[in-house]
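Since the structure comes first, as structure tokens, the remarks are kept for the end.
Order of appearance sets the numbers: ligands from 1, and atoms from 1 within every ligand. Throughout, residue positions are numbered sequentially from 1 according to the sequence presented.
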Amino acid sequence: MKITQIAVHQVDLPLSAGTYTWSDGKSIRTYDSTVVRVFTDAGLVGHGEVCPLGPSYLPAYANGVRTGLAELAPHLIGQDPRQLGVINRIMDQQLKGHPYVKSALDIACWDILGLASGISVSTLLGGRQGEAVKCYRAISRDTPERMVERVATCRAEGHHHFQIKVGGEPDLDIARIRAVAASLGAGEVLVADANTSWLPHQAARVVRAIEDIDLYLEQPCLGYGECLSIRRRTSRPFILDEIIDGPAMLLRAHADQAMDVVNIKLSKVGGLTAARQMRDMCVAMGIAMTIEDSGGSDIVTAAIAHLAHSTPEAFRFSSSDVNGYNTVSIAEGGPRQLGGYIEAPTGPGLGVVPHLDVLGKPVLTIG
Ligand code: MG
């Protein structure tokens, strides 16, 4: 089987909450998502999707995805999409770095492998494990009162795992954490995510002030050394996200006992192939995970669900239905959260069928 053509589509996905805000007042109103359609000489078409959270969250941006695809996709024409290791080696040889560009292509090739073999991607990734996958809800940074209201709204939708966005002025962040924590019921999970934004002296103040609260702290500072320093000053369970950008960093952080949980975002590490490798390493090392991505709609949510659902339940700290944050459906069969949980589709491949009218005309066609 050979790849004959790759079509690239751009889709705007307005956020259902209007605006999403995180550290330093960064915010976006619309996901700028990129969908690839990978055509083969066997008549099978695989789909992938990648959507950075605007240009200032990770070193990734939407126009960079499309520019990178124009550079990279020609090297995959004529290749067998079922040979994921070969596909990934070619991508790494032809474009250094830029894992987010590779993510959509890698996901589409997994879709083709599943379609060709008649089995689901979750089966290919190890097999469906346990019950449905729990999703967290991210709560935009806002006044403490409005964040408590937002948590109540999300609870009414079935969510009981909240990741509140902090990473501003420390006294206000302490007030945000205290207000939301006081509003939680038994069994609910609270994560305070500073998204790299505190300086160490600020993070040190916050962790001391909230030591009595049962919560998880996520990525307080920008640098690894700074995060490690804060990790050693708190007894709260610790999550690393932005800094864990691949297997080497995961191994280093594990050797330093720098975290209890890591967030694996498909596009941050290069797609399902790399994310599966890190998932398996985490299982071997006893590290729980949030398996997710930075944004997107039904195709990327399906990819997330397949990897998460094929992960042992004890290691699934949480996951994310990224399609639940926006108002546009781009494919039939994308997992939709129900009571705060999603399930991997059971059909062959990713189990999604794109709405071609929503994707519109390709912005780029290669091959
Ligand atoms: Mg995070």
Say whether Tyr61 and Leu105 are linked into one hydrophobic cluster, either directly or through other cluster members, by side-chain heavy-atom distances under 4.5 angstrom. yes
Partner of Glu49 under side-chain contact (heavy atoms from CB on, under 4.5 Å), chosen from Leu266, Val300, Val65: Val300
Under 30°, 30 to 60°, or over 60°: which ring-plane class applies to Tyr136 and His161, parallel, tilted or perpendicular? tilted
Determine whether the side chains of Ser120 and Arg128 contain a donor N or O and an acceptor N or O closer than 3.5 Å. no
Distance alone, cut at 3.5 Å: any donor-acceptor contact between the side chains of Glu211 and Thr234? yes
Report the residues that fulfil side-chain contact (heavy atoms from CB on, under 4.5 Å) with Asp111, sequence neighbours left out, ordered by chain and then residue number. His47, Leu115, Leu350
Check the Mg ion (ligand 1) and write out every protein N, O or S atom at under 2.8 Å, as residue and atom. Asp193 OD2, Glu218 OE2, Asp241 OD2
